[in-house]
Amino acid sequence: MRAQDLLLVTLREPPAEAEIPSHQWLVRGGFIRRVASGIYAYMPLMWRVLRKVEAIIREEMDATGALELRLPALQPAELWRRSGRWDTYTAGEGIMFSLTDRQGRELGLGPTHEEVVTSLAADLIRSYRQLPVSLYQLQTKFRDEIRPRFGLMRGREFIMKDAYSFHADEEDLRRYYGCMDQAYRRIFARCGLKVLAVQADSGAIGGGASQEFMAVADAGEDLVLSSGDGRYAANQERAQSLPPPSAPLKVTADQCFATPGQTTIEAVCAAHHLDPTQTVKVLLHRACFADGPDQPVLTALRGDQEVNPVKLTNTLGRLLAERGTVLALERLDADILQDHGVRLPVGFLGPDLSDDVIQGVPDLVGGFLRIVDSTAADLAGFVCGANVPDRHRRVPGWPALGLSLTRADVRSAQPGDRCCHDPKTVLTATRGIEVGHIFQLGRKYSSALAACFNSESGDAEPMWMGCYGIGVSRLAQAVVEQNHDDNGMIWPVSIAPFEVVITVANGEEQEQCGLAEKLYGELRAAGVDVLLDDRMERAGVKFKDADLLGIPWRVVVGRNAARGHVELKTRSEKDVLDMDASQLLPHLIPRLQRQRRGGLPEAGV
RNA sequence: CGGGGCGUAGCGCAGCUUGGUAGCGCGCUUGCUUUGGGAGCAAGAUGUCGCAGGUUCAAAUCCUGUCGCCCCGACCA
């Protein structure tokens with residue numbers, strides 16, 4: 001490709017819309033252009049990168065025996081009603097774009113494809129002899145994100161590789177899940193991406209075990225907690241740890257005491273010589289369901305701990321399984337309660353807060369579901385609010401409160417906490433970009449959509465399913481986020497838009513042009529992805545652009561062209577190698593061949 | 001949706017407080033010079049000042065509404 005023909009438009013200044021480096025560089029380099037919020041055009045350079053990423057994914061997926069296909073983006077509501085996800089995905093907090101056609105039929109633009117693929121599997125798979133089957137596609141997905149952000153990182157339209165596997169039993173599902181784990185590690189390594197595999201929450205997709213692949217980056221939206229010994233890593237949403245030990249507190253009698261204006265744990269502790277681990281704090285939430293009024297929830301935690309909303313939501317989903325999926329978990333807003341005549345002694349709440357206080361609040365039904373985190377439940381004696389303004393209470397132990405409580409782990413693990421597997425190591429925090437997520441779905445979708453097969457014994461059984469996603473466009477941007485400097489992007493050879501750029505220092509010098517053309521032809525003949533910068537620009541402009549675009553190898557045909565010499569330089573190193581033009585290919589080709597393998601260990605070298 | 005901010009030339013911005021000829025830098029076009037790290041000089045083109053109402057002799061500027069976008073919080077590849 002010649003730069004003349006590339007419609008190369010680079011920007012000298014970072015665009016105002018871009019916040020993080022990878023977004024700025026991609027826009028400045030002319031790789032992407034914003035069309036609307038969260039909607040981007042992939043320009044020719046970006047498209048070349050994406051196609052290379054997709055090729056790597058195809059190779060590795062095919063190697064696991066998966067079959068590529070293409071499912072429709074436009075999907076009937078009926079299918080989603082059968083899995084029970086239509087309402088949760090379109091109503092209120094829903095993430096699916098939906099529409100009605102001219103006959104009044106409801107349709108959705110696919111944010112994911114479990115329903116479609118499962119119903120196909122139900123149609124096609126009759127016998128255990130056909131299993132296992134793994135299907136995948138590379139496709140544009142649509143999600144009505146509340147807040148699109150960071151260019152391709154969180155778009156409303158993005159490219160995703162999604163795969164779905166079907167198995168006769170759980171053991172085979174586990175086996176294939178392990179295969180996918182390995183395939184994913186190879187894919188990311190080949191793309192030059194540093195990732196952490198971490199235990200994850202399954203979220204709206206549901207199911208059993210799941211693992212996320214996190215590209216390490218400060219701009220990442222997720223917090224990963226990992227142990228120094230490499231034996232444990234988890235998304236904070238899911239992470240478990242040993243809480244710091246509590247300071248013992250001897251409470252001989254149940255008694256109230258005055259805490260005027262002391263509405264925070266810190267204030268109470270400071271005024272009464274207490275440690276936060278000797279206190280219990282209370283949080284009030286409402287859990288929203290599709291089928292009616294909200295469930296009030298009271299959560300008690302040890303004073304030094306923070307609630308983990310994901311864990312709490314999951315706990316509520318289990319306890320209230322008959323009400324379906326928890327659509328949302330919201331803090332009970334004291335101001336709103338006050339509008340309905342409910343006066344809460346905020347700052348002085350205790351676990352035994354009476355159900356009476358919320359009677360008459362619209363959209364709330366019944367009394368509190370009371371959850372106590374293990375950190376609080378383990379306290380023998382503690383201090384908590386007395387449910388009366390300006391008063392707290394010493395409690396000799398939970399039996400003294402006479403409550404019906406559900407014990408659960410709903411606290412957030414924190415960096416610095418001791419690890420469960422080895423109390424001598426502590427958790428440290430890393431930020432990460434979720435580039436892949438693999439799930440063992442189990443039989444949730446196959447049961448709902450009657451995707452059954454006849455087993456060896458002749459019984460009809462729902463298939464065991466797994467699903468496996470990679471954010472393709474997000475991955476490409478994550479690579480830039482991990483690989484850039486003050487001058488621009490630094491692509492790994494394996495997914496670079498071009499492997500080599502030939503920069504003609506002075507386009508008016510016949511000798512330079514002639515030699516550059518000759519090398520361009522030779523490199524192309526050798527199967528190298530090469531860009532010839534033949535633009536009528538000054539050398540400085542071409543050097544700046546070559547750096548900005550991040551092409552890994554640069555050949556400069558300049559002042560030494562007269563004696564048949566060229567310069568070879570990599571994007572990431574400063575050193576320049578001056579060599580006879582005839583040496584260029586013998587020197588470059590073997591190195592390129594190695595680098596095309598990405599970060600994989602070299603075989604047979 | 002809640003909170004904060006911004007819409008002025010292709011890009012980045014000033015002008016708005018105090019209403020009166022729409023500006024700067026980069027980019028673009030032409031010419032000359034220059035030619036190894038975003039060149040210099042000269043000449044030039046480019047705007048329904050987001051949109052709609054209102055106030056006014058007069059609105060980019062003041063008022064009302066509306067749309068779009070960005071940032072901080074709850075969702076996800």
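Everything numeric here is computed off the predicted structure, so don't read it as measured data. Proteins come first, then strands; the chains are lettered A, B, ... in the order of their sequence lines, and each starts at number 1.
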Exercise for the section: Could you work out the separation of U55(B) and U64(B) based on their P atoms and round it to a whole Å? Expected result: 15 Å
Handout entry: G20(B) and U66(B), which share atom name P, separated by this distance in whole Å
Key = 28 Å
Completion exercise
residues 41-50 of chain A vs salt bridge (Lys or Arg N to Asp or Glu O under 4.0 Å), sequence neighbours excluded, gives Arg48(A)-Asp529(A)
Handout entry: RNA chain B-proximal residues of residues 21-35 of chain A, any heavy atom under 4.0 Å
Key =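 Arg28(A), Arg34(A), in order of number.
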Practice task
Scan residues 538-546 of chain A against RNA chain B and write down, sorted by residue number, each residue with any heavy atom closer than 4.0 Å; if none is found, say none.
Solution key: Arg538(A), Ala539(A), Gly540(A), Val541(A), Phe543(A), Lys544(A), Asp545(A)
Handout entry: Residues that Glu59(A) engages under side-chain contact (heavy atoms from CB on, under 4.5 Å), provided they are two or more places apart
Key = Arg190(A)
Side chains of residues 8-15 of chain A: which donor-acceptor partners sit under 3.5 Å, not counting sequence neighbours?
| from | atom 1 | to | atom 2 | distance (Å) |
| --- | --- | --- | --- | --- |
| Thr10(A) | OG1 | Asp545(A) | OD1 | 3.1 |

Protein N or O to nucleotides 22-25 of chain B N or O, pairs below 3.5 Å:
| from | atom 1 | to | atom 2 | distance (Å) |
| --- | --- | --- | --- | --- |
| G25(B) | N2 | Glu13(A) | OE1 | 3.1 |

Exercise for the section: Mind jotting down which residue pairs meet the side chain to side chain donor-acceptor pair (under 3.5 Å) criterion with at least one end in residues 21-32 of chain A? Sequence neighbours excluded, please. Expected result: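 For residues 21-32 of chain A, and leaving out neighbouring residues, the side chain to side chain donor-acceptor pair (under 3.5 Å) pairs sorted by first residue read Ser22(A)-Gln477(A), Ser22(A)-Glu481(A), His23(A)-Tyr40(A).
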At a cut-off of 3.5 Å, list every protein nitrogen or oxygen paired with a nitrogen or oxygen from nucleotides 42-46 of chain B, distance to 0.1 Å.
none

Exercise for the section: Could you list the residues that satisfy side chain to side chain donor-acceptor pair (under 3.5 Å) with His565(A), not counting sequence neighbours? Expected result: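 Only Arg563(A), Asp578(A) meet the side chain to side chain donor-acceptor pair (under 3.5 Å) criterion with His565(A).
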Handout entry: ring pair (Phe, Tyr, Trp, His ring centres under 6.0 Å) partners of His285(A), counting only residues at least two apart
Key =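 His285(A): no ring pair (Phe, Tyr, Trp, His ring centres under 6.0 Å) contacts found.
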Fill in the blank from the handout: By ring pair (Phe, Tyr, Trp, His ring centres under 6.0 Å), Tyr468(A) pairs with (sequence neighbours left out) Tyr176(A)
Handout entry: Test salt bridge (Lys or Arg N to Asp or Glu O under 4.0 Å) applied to Arg411(A) - qualifying residues, sequence neighbours left out
Key = Asp417(A)
Handout entry: N/O (side chain, Ser37(A)) to phosphate O (OP1/OP2, C70(B)) under 4.0 Å
Key = yes
